[in-house]
Amino acid sequence: MNKLNIAVLFGGCSSEYSISLESAYAVISHINQELYQPVMIGITKDGTWYYFEGDIEKIANNTWCNEADCTRAILSPNRTVHELILLYQNDTKAIPIDAAFPVLHGKNGEDGTLQGMLELADIAIVGCKTLASALCMDKDKAHRLARLAGVLVPESYVLEPGRWQKTELDQINKIGYPLFVKPVKAGSSYGVTRVLRENELSNAINLAFTFDNQVIIEKAIEGFEVGCAIMGNEEYTIGEVDEIDLAKGFFDFDEKYSLKTSVIHVPARISEEKSSEIKEKALIIYKALGCRGFARVDLFLTPSGQIVFNEVNTIPGFTAHSRFPSMMKAIGITFEQIISKVIELAVKE
């Protein structure tokens, strides 16, 4: 059987560039090379695309972008051919592509922009497509759709650029403290601040606006965060629910990638009945937002047992030790099997 060429895209114009390198390294390391040939495409922070042929350790340590290992490249938008075109000084070469696996987190990779380009070119996408990717990145629109689907969401208020006046302050104060100030479209908790009192608002809002042109103010939810890993298009595989056990503060960028003062429990330390209810709510959200392939749905569990939606990560951290693979591992699915399954879901559509 001929191997399928899978374009693995990494890097990108995003504050989450370094996380993408870690995830891509793990994906390429664990892809079944008897079935799939990874075609590695690195995107620099300024948006230049390269076909990378070097040692994958250079992706992990961010030395991949060099003359010896890289050739300028573009994906053909032509729907009749699915190709990566290599741009040599006096020539071009085409590599056929059977599917694209975006391993880019945050803007310009997880937010529907890249997925739109791939859909235009009619290239099979591993994971969510354009609309779902865009909706899940937009915390406000994701919450609105989840609420329509019958899932509880935090009380919130959205600020537009230049709209930071007394009327907005009155609306924010109605939400009550503590609250969270977040960029509407950003990942990995970049630009997120937990605000305890009114005099902390201005700095938090200014910080959030450095990451996006909209800011969402959300009521802090009592309790703890739980996550649910889902794979599938029409039939679904749902991993064990996990639980974030925080010693202090909130699950910010440093905690997500260092776990200095927090522990992630898989499975979560909750009843089977509550775990089943969380899975049910997560799947409702996954379907309501049009997710395909895979995604991680994050929710809160309150002291009274209410389940409240937080966000969906359409390209969650994807190392062997990340939350998504850990939840799947808890039901007996290995990292290698996850990668094969999500590729299979893409090429069979």
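Along the sequence shown, the residues carry numbers beginning at 1.
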Worksheet entry | Worked verdict on Tyr17 versus Phe10 for ring pair (Phe, Tyr, Trp, His ring centres under 6.0 Å) | CA-CA 8 Å; Tyr17 172 91; Phe10 61 88; 8.3 Å; no
Has [X] got a side-chain atom pairing as donor or acceptor with [Y]'s backbone, closer than 3.5 angstrom?
| X | Y | answer |
| --- | --- | --- |
| Asn206 | Ser202 | yes |
| Tyr51 | Val39 | no |
| Asn233 | Gly293 | yes |
| His143 | Asn310 | yes |
| Ser322 | Phe324 | no |
| Asp242 | Ala268 | no |
| Lys182 | Val192 | no |
| Asp46 | Thr48 | yes |

Looking at [X] and [Y], does any basic side-chain N land under 4.0 Å from a carboxylate oxygen?
| X | Y | answer |
| --- | --- | --- |
| Glu119 | Arg79 | no |
| Arg144 | Asp140 | yes |
| Asp91 | Lys93 | no |
| Asp212 | Lys107 | yes |
| Asp69 | Lys58 | yes |

Discussion item. Working note: Ser76 + Asn78, criterion side chain to side chain donor-acceptor pair (under 3.5 Å); need CA distance, chi angles, decisive distance, verdict.
Written reply: CA-CA 5 Å; Ser76 169; Asn78 191 335; 5.0 Å; no
Do you know the tightest heavy-atom contact between [X] and [Y]?
| X | Y | result |
| --- | --- | --- |
| Cys128 | Ser133 | O-OG, 3.4 Å |
| Ala330 | Glu240 | CB-CG, 3.5 Å |
| Gln115 | Gly109 | NE2-O, 2.9 Å |
| Val342 | Phe294 | CG1-CD2, 3.6 Å |
| Leu9 | Ala100 | CD1-CB, 4.0 Å |
| Pro38 | Val8 | CB-CG2, 4.2 Å |

Residues, nucleotides or ligands: over 12 heavy atoms within 6.0 Å of [X] [atom1]:
| X | atom1 | result |
| --- | --- | --- |
| Glu336 | CD | yes |
| Gln33 | CD | yes |
| Lys279 | NZ | yes |

Fill in: Cluster link Leu104 to Val126, ILVMFWY, side chain under 4.5 Å
no
Worksheet item: Is it true that Leu21 and Tyr25 fall in one hydrophobic cluster, defined by side-chain heavy atoms closer than 4.5 Å?
Response: yes
Discussion item. I'd like to know if the side chain of Ser14 pairs up with that of His105 as donor and acceptor (distance under 3.5 Å, no hydrogens or angles considered).
Written reply: no
First locate atom [atom1] of [X], then atom [atom2] of [Y], and finally report the distance between them rounded to the nearest 0.5 Å.
| X | Y | atom1 | atom2 | result |
| --- | --- | --- | --- | --- |
| Asp122 | Ile125 | CG | CD1 | 9.5 Å |
| Ile238 | Leu283 | CD1 | CG | 4.5 Å |
| Tyr157 | Ile216 | OH | CD1 | 12.0 Å |
| Phe224 | Arg269 | CZ | CZ | 7.5 Å |
| Glu160 | Glu168 | CD | CD | 9.5 Å |
| Ile278 | Leu301 | CD1 | CG | 5.0 Å |

Worksheet entry | Asp298 side chain near Val226 side chain, heavy-atom distance below 4.5 Å | no
Discussion item. Salt bridge (Lys or Arg N to Asp or Glu O under 4.0 Å) for Glu311 and Arg296? Distances and angles first, verdict last.
Written reply: CA-CA 9 Å; Glu311 63 181 2; Arg296 193 190 76 227; 5.0 Å; no
Practice prompt. Please assess Arg323 against Glu225 for the test salt bridge (Lys or Arg N to Asp or Glu O under 4.0 Å), listing each intermediate value before the final yes or no.
Written response: CA-CA 12 Å; Arg323 291 175 64 198; Glu225 188 174 331; 3.8 Å; yes
Worksheet item: Centres of the Phe335 and Phe318 rings: under 6.0 Å?
Response: yes
